[in-house]
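Working notes, beginning with the structure itself.
Order of appearance sets the numbers: ligands from 1, and atoms from 1 within every ligand. Computed from a prediction, not measured in an experiment: that's the story for all the values here.
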Amino acid sequence: MATFKAIRIDKAENGTTAALVQFDEADLMEGDVTVRVEWSTLNYKDGLAVTGKAPVVRRFPMIAGIDFAGTVEQSSHPRWKAGDRVICNGWGLGETHLGAYAEKARVKGDWLVRLPDNISARSAMAIGTAGYTAMLAVLALEQHGVTPASGPVAVTGAAGGVGSVATAILAKLGYHVIASTGRASETEYLKGLGAAEVIDRNELSGPAKPLARERWAGAVDSVGSTTLANLLSMTKYRGAVAACGLAAGMDLPTSVAPFILRGVCLLGIDSVMCPLNLREVAWKRLGSDLESEKLAEITNEIGLDEVVGIAGKILAGQVRGRIVVKIS
Ligand code: NDP
């Protein structure tokens with residue numbers, strides 16, 4: 001009977017448990033492509049799933065992990081054949097479908113994106129869902145018409161995964177990036193990624209005024225709650241904020257003032273069910289707009305056996321940049 005290493009989440013009396021186990025290949029779920037997983041990553045959502053702090057996992061037992069990169073072993077899908085190099089982000093991986101923290105995954109071929117030639121499997125997962133989401137946010141700002149000439153752009157949760165990648169990409173594209181962080185000790189790190197200014201996140205954390213001084217033409221927000229409300233009230237006339245996260249909370253205590261008096265737009269960013277064509281654009285752009293030296297500065301590598309121990313740290317805001325997980 002073939003087995004492989006995996007981090008399995010099980011239901012327990014008081015919540016869930018997570019452990020590195022041998023998983024039986026016969027228990028993989030349906031799918032037309034089987035992939036040998038080489039790299040995965042630790043995102044905020046993985047932290048929630050592994051610790052059981054939020055109900056990310058919807059089926060038990062579950063293999064955790066929301067994204068992977070690897071090589072196709074078997075396929076009955078017309079787009080894929082053995083040996084193809086692929087990326088998978090979201091689509092319920094690690095939530096409703098057995099996920100990425102495993103040496104093997106079986107998924108729908110429709111979920112897969114071809115690994116661009118200029119991105120290695122390790123780099124793809126150093127970018128991971130967090131970095132691909134940052135790219136989706138940048139694309140949304142561009143589509144709205146926010147250019148470097150429009151004015152500064154703010155990035156919140158800047159020392160985190162989404163924030164670090166967004167900062168590096170926006171700086172490379174020529175934007176004046178204002179990075180907001182709660183960790184003053186990461187100022188040099190953020191400047192190294194290209195931030196022109198680093199501000200204390202307390203400037204954005206109190207109750208938001210309906211309208212405040214116009215400070216930026218655009219923003220990428222991974223924090224939510226009062227931070228997002230403050231970002232909106234400080235956004236310039238006809239600017240936009242791309243909202244992708246909830247690190248400080250799911251609520252949004254704002255008013256309609258920024259929308260109806262300044263024409264500000266709130267752009268929602270979802271990576272999980274994002275259509276394939278937009279994913280392909282995002283990964284192509286990541287290949288050209290994220291410098292490999294910057295990605296290396298952002299990235300720390302861990303083994304599969306370290307994931308359970310580190311999962312709580314990302315929820316505590318103690319992880320800088322991105323964590324890439326070596327699977328096999
Ligand atoms: P990280 O933990 O790496 O980054 C989050 C950052 O937010 C922290 O590093 C910290 O930055 C800041 N932060 C944390 N807690 C607070 C707080 N209480 N108040 C203010 N700021 C805080 O997570 P990721 O980058 O992986 O994910 C960020 C968010 O984006 C998460 O909520 C995640 O669920 C969401 N997300 C959403 C996706 C989508 O499809 N919409 C896809 C990927 C992520 P600093 O120390 O610099 O202040």
Side-chain angles (χ1 to χ4, degrees), residues 40-51 53-56 65-67 89-95 125-140 154-169 177-191 193 195 198-206 220-231 241-252 266-275 278-279 282 298-300 310-325:
S40 183
T41 175
L42 184 72
N43 300 281
Y44 189 90
K45 196 187 225 174
D46 294 311
L48 292 173
V50 171
T51 60
K53 288 253 163 65
V56 170
I66 66 166
D67 48 2
N89 305 99
W91 298 115
L93 210 60
E95 300 184 60
M125 284 300 106
I127 293 166
T129 289
Y132 139 70
T133 301
M135 192 73 237
L136 291 177
V138 173
L139 290 171
V155 175
T156 61
V162 173
S164 293
V165 177
T167 299
I169 293 172
V177 179
I178 302 178
S180 162
T181 183
R183 291 179 270 179
S185 55
E186 300 300 356
T187 300
E188 286 315 306
Y189 164 77
L190 291 167
K191 291 210 163 155
L193 295 183
V198 177
I199 63 170
D200 190 316
R201 75 181 185 205
N202 284 335
E203 286 189 39
L204 304 175
S205 63
V220 176
D221 177 52
S222 54
V223 173
S225 191
T226 49
T227 301
L228 178 52
N230 276 290
L231 278 176
V241 178
C244 58
L246 43 58
M250 259 226 184
D251 59 326
L252 178 52
L266 180 55
L267 311 173
I269 306 299
D270 166 59
S271 66
V272 178
M273 303 306 286
C274 176
L278 184 51
R279 288 172 188 256
I298 291 172
T299 308
N300 289 299
I310 292 181
K313 288 196 172 172
I314 195 161
L315 304 184
Q318 289 168 359
V319 166
R320 175 170 100 175
R322 302 277 305 124
I323 292 184
V324 67
V325 181

**Report entry** Donor-acceptor contact below 3.5 Å, side chain Asp67 vs main chain Met125
**Finding:** no
Query raised in the report: Any idea which residues sit under 4.0 Å from ligand 1, heavy-atom distances?
Result: Tyr44, Thr129, Ala130, Thr133, Gly157, Ala158, Ala159, Gly160, Gly161, Val162, Thr181, Gly182, Arg183, Arg201, Ser222, Val223, Cys244, Gly245, Leu246, Ala247, Ala248, Ile269, Asp270, Ser271, Ile314
Query - side-chain hydrogen bond (donor to acceptor under 3.5 Å, both in side chains) against Thr226, all qualifying residues, sequence neighbours excluded - result: none
**Report entry** Set of side-chain hydrogen bond (donor to acceptor under 3.5 Å, both in side chains) partners for Ser40, sequence neighbours left out
**Finding:** none
Requested in this report: Name all residues meeting the side-chain hydrogen bond (donor to acceptor under 3.5 Å, both in side chains) criterion together with Thr167; count only those two or more places apart in sequence or in a different chain, and write none if there are none.
Outcome: none
Query raised in the report: Is a donor on one side and an acceptor on the other found under 3.5 Å between the side chain of Arg320 and the backbone of Tyr189?
Result: no
Requested in this report: Taking atom types as modelled, find out whether Arg322 and Thr41 have a side-chain donor-acceptor pair closer than 3.5 angstrom.
Outcome: yes
